[in-house]
Amino acid sequence: MHPADQNGNLADPGFESGGFTYWSQCGTVNAKITTTRPHTGRYSEYSGTSRAPELNGDSGVCQLVTIPTSGVLSFWVYQGTSETNTTYAWQEADFLDASGSVVANFYTTANNTRAWVQQTFDVSAYAGQSLYLYFGVHGNGYSRTYIFQYVDDVSLVGGGPTPTPTATPTVTPVPTPTPTGSSKPTPSPVPTRTPTPGPTPTPTKVPTPTPAPTATPSGGPTPIQTPQGQGNQNCGTSCGVERWHIKTLDDAFVKTINWTPTLTTVNFMIAQPVPQNFSSGNDTTRYAPVEITSYRIRATIVGWKTESDHDFHLVIADLNNPSNTMIVEPPDATCSDACASNFGNYYTSVRAKMTNCFGPAPSSFTNLPAGVVADLTGVGFFDALHGQTGVAPNGIELHPLLSISFVSGAPGC
Amino acid sequence: MRGTGAALVFGAALVAIGACARPYVDNETVGQDLERVARDVRGSDLSAGDKDAFAAAAALRPATLAGKTIRQIINEQKTYELGLRLAAQAHAADAKHRLQIARIMDVGITSYRDRERALELTLRVRNKTPKTIRRFDTGIIVSDAAHTRIGLAEFAIDRTIPPHAMVEIVAPVAYVRFGEDAGRVVLAAGKPKTIELDVKEIKFTDGTDAGYDD
């Protein structure tokens, strides 16, 4: 009999059973309980390979746990890899549901620390739930790289009585994390988990946003239909960085936005003052009132291009003052955060309209034919000035652009 | 009645423009008597820039002007010319950028392979400087045999390239890097394609860099 964690929430926390009595194989490639490199005691868990070739698939272990009230998860990891990023391979720790889907991702890394490092997470948000705690690595079998992870001394402690589990998942068969690869290319993009740069984030609740003042209904434009809830938080590929959550409507304050568009002009937008405390590094809060307001602008589309973060960059000009321009941008719905925001359909629709009418977005700024006038709807946004083509003097944009409706100059569109 | 090609019907609204001293009313519609209107604009007290814009629009796309006010036509042309200027500036900047990069490195794709989850490129790179390169960011445009663009992606290559050295680099570009175009790139696996490569930024081990900075 091997002792469980001190609160009885997790069995064989140090893998000292030497085998898979309490932990289960949960990957497509077997993990090991090994004496090679323990943190304490004799054993630790090991996934992956310490030299090329890289494993091909997922290798990891899991155990069904019930998260206690005020739960804190803590464990030690020793990680190594020759990968430079998490595009093809990664180390990870998650809560999984019975089907192997990720409920919470603690980290996705390509770390080569080669030292025991303790990780601690507040898991109180999952109190009462029975989930599978998973540690593992993923690789794609590349002949020239490797990735591995040792895990030891896992602890799941709580501050009070554990609530009665709300659901008991099926215990058999043992869940296997959904493989992200297959033997043949699939027509749709292979999903990748959002990489976690640097320090490991703690899964915490989204902060309650400050309610915005109720805008006077304009009685005109139809409010934008907002999606319910959020999309898969572990979707998409990393595209942008600067104020990326705000740009993709994946921030905590998206619910403060007034979705009844304010009818306005480019002239009005470019005259708005830049917020006094504006910082291009602010990716958590919105600068009211502009960034909690949706706008509809009728303007001429001057030209466009695609950007390195996959945004379409459109320059629009005021109908009456052509020298006054600003930028509007729809993100790529396959990018991380854009896909998690659940507004992806809007982005895809806008982009499809542009490409259907004018072909693939050019990689270098290209003008449109004369007279392409459209009604453009999006959320106000301040960007830093860094020489963008067509940028407004105050850096104001519609970002994201949520809809486009051609008025003239685009026959058939 | 003279016209520009299409059958002409005299518009109901008259453009109240005559000799240069007369007040100009520019909210009248052009109708289809374009040549007469253009003559009147030339004789009006509109600015030289406005007159040039109207004349250019009338010359470039006469068939699209009917039903628009003179002011609309002028603003539309000015916006179009702005677009041309911005595009020209962008292309000039691109050309200057490519020249800068070419002074620093030669890079070309010697071969590629369609792998399970990535388009794997083999690059030959020559560092033409006395500094050590530690990383470069690059973009690729993939087109099919008909030169129709399939997708584009950007990625970084972290590789130390000593001064004046030539290296061969195998760079897998995951299909997901192509974003919403990933599916098209995957479907093009095994089919003839062309791949253009454009180095965006180069970083040296001495902390300096060259190229775009965004």
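Chain letters run A, B, ... following the sequence lines, proteins first, then strands; residues in each count from 1.
Only the side chain of Thr389(A) comes within less than 4.5 Å of a heavy atom in chain B; its backbone stays farther off. If you measure heavy-atom distances from Asp94(B) to chain A, the contacts under 4.5 Å come from the side chain alone. When heavy atoms are compared at a cutoff of 4.5 Å, Ser408(A) does not approach chain B at all. Contact of Phe178(B) with chain A is made through the backbone alone, with heavy-atom distances under 4.5 Å. Looking at Asn85(A), neither its backbone nor its side chain comes within 4.5 Å of chain B, counting heavy atoms on both sides. Only the backbone of Leu319(A) comes within contact range of chain B, with at least one heavy atom under 4.5 Å from a heavy atom of that chain.
Using modelled atom types and a 3.5 Å distance limit, the side chains of Glu180(B) and Thr334(A) yield no donor-acceptor pair. Remark: the Thr208(B) side chain and the Asp206(B) side chain contain an N/O donor-acceptor pair separated by less than 3.5 Å.
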Solution key, residues 80-90 of chain B side-chain donor-acceptor pairs under 3.5 Å, sequence neighbours excluded:
unit_1	atom_1	unit_2	atom_2	d
Glu81(B)	OE2	Gln77(B)	NE2	2.9

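For the set Thr64(B), Asn75(B), Asp114(B), the entry with the most heavy-atom pairs within less than 4.5 Å of chain A is Asn75(B). The candidate with the highest count of non-hydrogen atom pairs below 4.5 Å against chain B, out of Ser363(A), Gly303(A), Ser364(A), is Ser364(A). Among Asp137(B), Thr79(B), Asp181(B), Leu60(B), the residue with the largest count of heavy-atom pairs under 4.5 Å with chain A is Thr79(B). Note: Pro172(B) leads Pro172(B), Ala93(B), Gly139(B) in heavy-atom pairs under 4.5 Å with chain A. The residue among Pro360(A), Gly387(A), Pro369(A), Ala333(A) with the most heavy atom pairs within less than 4.5 Å of chain B is Pro360(A).
Residues satisfying the side chain to side chain donor-acceptor pair (under 3.5 Å) test with Lys247(A), not counting sequence neighbours, are none. Evaluation of the side-chain contact (heavy atoms from CB on, under 4.5 Å) rule for Ala110(A) yields Thr81(A), Glu83(A), Thr86(A) as partners, not counting sequence neighbours.
Proximity to chain A among residues 105-113 of chain B is not found for any residue, judged by heavy-atom separations below 4.5 angstrom.
Both the sub-6.0 Å distance and the 45° axial angle are satisfied by Lys131(B) relative to the ring of Phe204(B).
Contact check for Glu120(B) versus Val173(B): no side-chain heavy atoms found under the 4.5 Å cut-off.
We find that Glu154(B) and Arg177(B) are not joined by a salt bridge, their nearest charged nitrogen and carboxylate oxygen being 4.0 Å or further apart. By the 4.0 Å N-to-carboxylate-O rule, Asp144(B) lies too far from Lys193(B) to be salt-bridged with it. Remark: Arg71(B) engages Asp50(B) in a salt bridge, criterion side-chain N to carboxylate O under 4.0 Å.
Checked against the 6.0 Å centroid threshold, Trp304(A) and Phe312(A) count as a close aromatic pair.
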